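These notes are about the structure you will find just below.
Values below: all heavy atoms of this structure, side chains included; hydrogens, waters and symmetry mates excluded. Quantities reported herein were computed from a predicted structural model and do not represent experimental measurements.
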Amino acid sequence: MNLPCLLDDKMKPRADLHPIRLTVDRSLQPLSMAEMVLPPEDAPVCVRDFVRLCDGFGDDEIYRVSSISEEPGLRRVVQLEHGMATLADDMLPALTYAENVQTILKRILSYQTRIRWRVGDIEADEGLVISAIGQTQSIYAALTSLLDMLPANLCWAFDQTKLPWKLHLRKLPEEISCEGRLTRNISTVRVTRDASRLCTRVFPYGWLDRVTLTPLLGREYIDAADTKTWGIAARTFTSDQIMDADTLKRVAERYLERHSQPTATVQLQGIDLSRITGEALDTFRLGQRFRLALPEENTVLVERIVAMHIPDVFGQPGRVTLTLANRQPALSDEIADLLREVNASKLIGGKLTELT
C-alpha cells in the first residue's frame, strides 16, 4: 500500500505522509470521509490541501483537508473529505431542464469557476429524460438531487488520475460478487429490520386522482401476497403521469414487490481475505452485492455494500465494518422509476400508439 501523499494545487506530489493511524469512511452516497493522525515531524498540512489516499481495498483517490486539530509537539488530527467536495465551492443558478442525463451533467459542471471535473462515462439509458425545476444551490447539491431522481442502480464513480478529474455515472453490479460467513471472514453481525416503509396494501392514484383501480378491480386498492404474514400496512401514492388503470395496476404491483417485506440493514465486522486466499468472493468492494450466510438462523441475506468503515488502514490491514442495504429513493422518484420500467416492458415487442 502506498503512503498518503500531500499534493500541490496541480495534483503533483509534494511529500509523503506517515500517519500513526488512517481511518477511511467510504460511502456509496457521497461524501466519503477520512481521518489521519500525523506525527509532529511530518510535513506541514494546511486546510484545503489535497492528499492522495489509499484505503487498502484497491481504491486510490484524492481527498481535501477540511479541518486540523493540533496538539503542539505531539500529534495532528486531520479531517478530510473526498475531492467531490470541491463541487460545493461553486453555486448553480436555478435551472429548468428536460434533457438526457449527459446533457444535464455537462450543464451543471460548466458552472465550475475552476474546471476540476468533467463528464466521464454515462451508463444511464439513452432514452432516460429527467425533467426538473431547479433552485439556486451548489453544484454538489445539484448532483446529489440529480442522483436521487435516477434509478437506484446508478451511482457516481471517480477517476482522479489526472486533471480534470472524470465524474462517471455507473451501473451497480447485479451479480453476487462477495460472501461472508461467521466461521470464515466475519466476526460480528447485527441485522436491523425496519418496517417503516412496509406496504402490503397500496391505494394508488393516477392523473389528478381521477385514475383509480376501481374500473379494473372494483376497489381502490391492491394487496400483496404477504398480508397474512405481516398484516395490513396500507400506503398510498399519486402520479399525474399515469393516465390509465392498467398502467396504474402494473406500477402498484411493482411497488408492492419492493415494499411487501421489512427492509433489512446489516452491519458486520470482517476481514478481506482475498490477498491470502486469492478468492474473488473474499474481496469487499463498495457497491458490490454481498451474500451473508447465517446457517444458525437458516437464513441467507443478499444486500449491497453501501458503506465501508476502515478503522486503521496500516495498523489493521483488511479489517473493515460493512453496512449492507439498498438505496431508498424518495417516493415521487421511485414511482417515476417504476413507471419507466412498466412502460419499457409494455413497449418491448409491441408498438407505439398515439395518445391524446
Salt bridge or not between E81 and R64? Use side-chain N to carboxylate O under 4.0 Å. no
Same apolar cluster: L248 and L216, side chain cutoff 4.5 Å: yes
Check step by step if side-chain contact (heavy atoms from CB on, under 4.5 Å) holds for Y255 and R235. CA-CA 10 Å; Y255 181 84; R235 299 285 185 270; 4.2 Å; yes
Out of the candidates R21, R75, R76, only one should pair with E35 under the salt bridge (charged side-chain N to carboxylate O under 4.0 Å, His left out) rule; please name it. R21
Minimal non-hydrogen separation, D282 against D272, with atom names: O-OD1, 2.9 Å
For R114, the option from D89, T86, D90, D9 that meets side chain to side chain donor-acceptor pair (under 3.5 Å): D9
Out of curiosity, Q135 CD to S145 OG, how far, rounded to the nearest 0.5 Å? 7.0 Å
If only atom types and distance count, is the side chain of E123 paired as donor or acceptor with the main-chain N or O of K171 below 3.5 Å? yes
Do side-chain atoms of T212 reach the backbone of E220 as a donor and acceptor pair under 3.5 angstrom? no
Once you measure the plane-to-plane angle for F284 and F290, does it fall in the parallel (<30°), tilted (30-60°) or perpendicular (>60°) bin? tilted
Establish, yes or no, whether a centroid distance under 6.0 Å links the rings of F237 and F203. no
Test item: R170 side-chain N/O and C155 main-chain N/O as donor-acceptor pair under 3.5 Å: no
